[in-house]
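For reference, the structure discussed in these notes is given below.
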Amino acid sequence: MARFIDELKRSHTCGELRLSDVDAEVVLMGWVQRTRDRGGVIFVDLRDRDGLTQVTFDKSEDEAAFTIAGQLRSEYVIAVRGTVRDRGEQRNDKMPTGGIEVVGHEVEILNTAKTPVFPIQEEVNATEETRLAHRYLDLRRPILQRNLRMRAKAYHATRNVLAEHGFIEVETPYLVKYTPGGARNFLVPSRSPGNFYALAESPQLFKQLLMVAGYDRYFQIVRCFRDEDLRGDRQPEFTQIDIEMSFVNQDDVFSICEKLVFRLWKEVLGVDLSERYPDGTFPRLRFEDSMRLYGNDKPDRRFDLHHTDLTALTVEHAGGGIGMLEPLAAKFADGTYRVDLPEEIVKAMRVPADHPMSRKQVDELEAYVKTMGAKGLGRAKVGDDGAWTQSPFAKQVTDGFRLAVNEACGAQPGDLILLMFGDEQLVHTCMANLRLKLGKDLGLIPGFGSGDDWNLLWVVDPPLFERGEQKDTWVAAHHPFTRPHDACVDSITSDPGTVLCHRYDLVLNGVEIAGGSIRLHDSEVQAKVFSAIGLSEEEAKEKFSFLLEGLQHGAPPHGGIAFGFDRLAMLLTESESLRDVLAFPKTARGNDLMTGAPGPVDDRQLADLKIKTV
RNA sequence: GGGACGGUAGUUAAGUUGGUUAUAACGCCGGCCUGUCACGCCGGAGGCCGCGGGUUCGAGUCCCGUCCGUCCCGCCA
């Protein structure tokens, strides 16, 4: 029988002993963080998931233990029996357990360890590549242990809140039928020749059918799979808190989400969001306003630096003397472009005088927008008399246009006006990212993390359709089962671009943390939507057969939402990347550097699946 | 699919206009030290400079290709 493990049980963790435990006989187990050999005495910092405790071995008092202690190396797994002693003058205020030490009377090496590839400590001093290849070591680091424990708290809080509100947790299939459109699916071959499963992008269709089936309130913490290019905040498999509710409108969905977020912040961070949102709701911003002011649908409103749309002014002034703007203005004047659905726009952003920018800095901003496909970035420094200097437009611009632009931007002497024009989407992308970059560069928000500022808002009332690749065609902006505003139903076929819908995103500090919609359960309106996106009845049936069929069997009015759980965890833990809140994440190319996935398989496997590689 | 940056001892990095034997810190190994706590002191080992090709008398350094990592655009109904 083993002395430790079987006979001597662990009595404490390495993070809990205090001065009040002095003289206690304890048994600790854990990993060797570091040893300090002073000759006649050896100090060992012992680590487990709760912390560090110093264990001391004295040659003159416990020679057998001292001899073993001399053999200890980093990351050896050991068990120690000893007595808690007051460190007196020698205490270490940097450690929670620093008031005491354990005098080791008996020690056993439970397992040796190879020299770690990188040291296990708070500060990262290895590249992410090295860390990912040895993830089991990286996961020993206190910061990742903390992140995953906070994530576990968030799971727990989520289940509690939703269960309290009558939600039923139901699992749905991961292996599903492939449906075209949307994100690229991961495919899973089956032994039926030529037939494949797809890994579910989300439980969207299933959760709607659960509403049809009368489950009324469903939720699931569920893995989703999308075979698209990755980012710091996008993994090929990710976790959603998936929610669907029957007999509800948009406000009802918002209400449950607000309760969930309040509880998450309370239970995971101890932060009371009601200090900031006393009525328990988050502000709402119309999609159109979000695009106009910030250039995207997930604005970070911890700082201002909003955009000013100058399209109408440009048209009014016929380009304002600026040669490059004249063709654009002309297209509005002759009716090629619609003012309410512009294909090209002119936007400006005012950088206030208290953030002076050098010519070189503005050049860098221009280089930055060019990496996103912009042709250039207009600029004008506003002088005391409102004149433009340091600007390529200074000599061309008419006085009227210049003054109108200054006024529209609220520009004061010393301010800098940054200007972009052209394709609507390109201008929005560039100007939105430019705003964020400036926010960070000027120190208005931190490079990542909340800065203790939790700015939540709903972005509501987006258009149901967006332009397709072909001229004058439309596609569903989200999915074609989103309910349009009642007032817009007549426009679905006559003027699709103007139709708004009951879709919504919850945005926190510039990150979309949830998105959903009220669903379309009325088959007449549904038919109009399909028609607007050029989908025949037959095609629609083929694409969404079981959902359409189900919706015809007494579907209640319903709607729902899905939270990006990993992103929530990332924000709650103040992490820079999703990879820091996942135990075993993949790289930007979708590789697992530890396991080597994806990797080749045996020919035998492929033969069983009737698959040939090329 | 497009772009930017990076890949050099176990780890993190430096490496000049191409030029002797490729540096440093930490880690590792050996020795010394009874109060350290990023312990200290002495000594030592450790390299396919991502991979392949090219230019050159000579390549870590220049050129082409390729793989890998990070980020951005596109993409993510």
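Throughout, protein chains are lettered first and strands after them, A, B, ... in sequence-line order, and every chain is numbered starting at 1. All heavy atoms count here, side chains included; hydrogens, waters and symmetry mates do not.
Between the C1' atoms of B/G50 and B/C72, the separation comes to 24 Å (whole Å). Here the separation of B/C62 from B/G6, taken at their P atoms, is 11 Å to the nearest Å. Separation of the P atoms belonging to B/C64 and B/C5 is 13 Å when rounded to the nearest angstrom. When the P atom is used for both B/C63 and B/A59, the distance is 15 Å, rounded to whole Å. B/A9 and B/U61 have their P atoms separated by 14 Å, given to the nearest Å. Between B/A38 and B/G2, the two C1' atoms lie 45 Å apart (nearest whole Å). Separating the P atom of B/G69 from that of B/C32 is a span of 46 Å, rounded to the nearest Å. Comparing the C1' positions of B/U20 and B/C37 gives a spacing of 45 Å, expressed to the nearest Å.
Within the structure, salt bridge (Lys or Arg N to Asp or Glu O under 4.0 Å) contacts touching residues 532-543 of chain A (residues at least two apart or in different chains) do not occur. Screening residues 197-211 of chain A for salt bridge (Lys or Arg N to Asp or Glu O under 4.0 Å) gives A/Lys207-A/Asp242, A/Lys207-A/Glu244 as the qualifying pairs, with residues at least two apart or on separate chains. The salt bridge (Lys or Arg N to Asp or Glu O under 4.0 Å) contacts involving residues 586-600 of chain A comprise A/Glu237-A/Lys586, where partners must be two or more places apart or lie in separate chains.
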Once each nucleotide of nucleotides 3-14 of chain B is scored for protein heavy atoms under 4.0 Å, what B/S/- sequence comes out, 5' to 3'?
-> -------SSSS-
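The nucleotide whose nearest atom lies closest to any side-chain atom of A/Arg589 is, among B/U34, B/G69, B/C73, B/G69. Checking B/U36, B/C73, B/A38 against every side-chain atom of A/Arg38, the shortest atom distance belongs to B/U36. Listed candidates were B/C37, B/C76, B/C68. Nearest to the side chain of A/Leu593 is B/C68. The nucleotide whose nearest atom lies closest to any side-chain atom of A/Gln54 is, among B/U34, B/C37, B/C28, B/C37. Side-chain proximity of A/Leu132 to B/C75, B/U36, B/U70: nearest is B/U70. When distances run from any side-chain atom of A/Met372 to the nucleotides B/U34, B/U36, B/C73, the shortest one goes to B/C73. The side chain of A/Arg579 lies closest to B/U70 when the candidates are B/U70, B/C76, B/A38.
Contacts of A/Ser450 classified as side-chain hydrogen bond (donor to acceptor under 3.5 Å, both in side chains), with partners at least two apart in sequence or in another chain: A/Glu574. A/Asp441 is linked by a side-chain hydrogen bond (donor to acceptor under 3.5 Å, both in side chains) to A/Lys437, counting only residues two or more places apart in sequence or in another chain. Qualifying ring-ring contact (aromatic ring centres under 6.0 Å, His included) partners for A/Tyr218, counting only residues two or more places apart in sequence or in other chains: none. Considering only residues two or more places apart in sequence or on other chains, A/Glu288 meets the salt bridge (Lys or Arg N to Asp or Glu O under 4.0 Å) condition with A/Arg286. Applying the side-chain hydrogen bond (donor to acceptor under 3.5 Å, both in side chains) criterion to A/Asp37, with sequence neighbours excluded, gives no partner residue.
Of the nucleotides present, none pairs with B/U56 by Watson-Crick or G-U wobble criteria with both distances under 3.5 Å. Using the Watson-Crick or G-U wobble rule with both distances under 3.5 Å, B/U70 pairs with B/A4. The partner of B/G40 is B/C32, judged by Watson-Crick or G-U wobble contacts that both fall below 3.5 Å. Across every strand in view, B/A22 sits unpaired, with no contact that passes the Watson-Crick or G-U test at under 3.5 angstrom.
In summary, the aromatic rings of A/Phe238 and A/Phe565 are positioned with their centroids too far apart to meet the 6.0 Å limit.
Panel note: side chain A/Arg503, backbone A/Val459; no donor-acceptor pair is recorded below 3.5 Å.
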I'd like a table of atom pairs between the protein and nucleotides 29-32 of chain B - only N or O on both sides, under 3.5 Å - with the distance next to each one.
unit_1 : atom_1 : unit_2  : atom_2 : d
B/C29  : OP1    : A/Arg73 : NE     : 2.9

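A/Ile518 pairs with exactly one of A/His558, A/His502, A/Met245 by the side-chain contact (heavy atoms from CB on, under 4.5 Å) rule, that one being A/His502.
Using a 4.0 Å cut-off, some side-chain N or O of A/Asn433 falls inside it from OP1 or OP2 of B/C73. For the OP1/OP2 pair of B/U70 and a distance below 4.0 Å, the side-chain nitrogens and oxygens of A/Arg131 include no atom meeting the criterion.
If you check residues 91-100 of chain A against RNA chain B, the residues with a heavy atom closer than 4.0 Å are A/Asn92, A/Lys94, listed by number. Using a 4.0 Å cut-off on heavy atoms, none of the residues of residues 503-518 of chain A approach RNA chain B.
For the pair A/Gln204 CD and B/C76 P, the interatomic distance rounds to 16 Å; values are reported in whole Å.
Residues A/Tyr368 and A/Glu366 have side chains not in contact (no heavy-atom distance under 4.5 Å, counting atoms from C-beta outward).
Remark: A/Arg435 is positioned above the aromatic ring of A/Phe303, its terminal NZ or CZ atom under 6.0 angstrom from the ring centre and at most 45 degrees off the axis.
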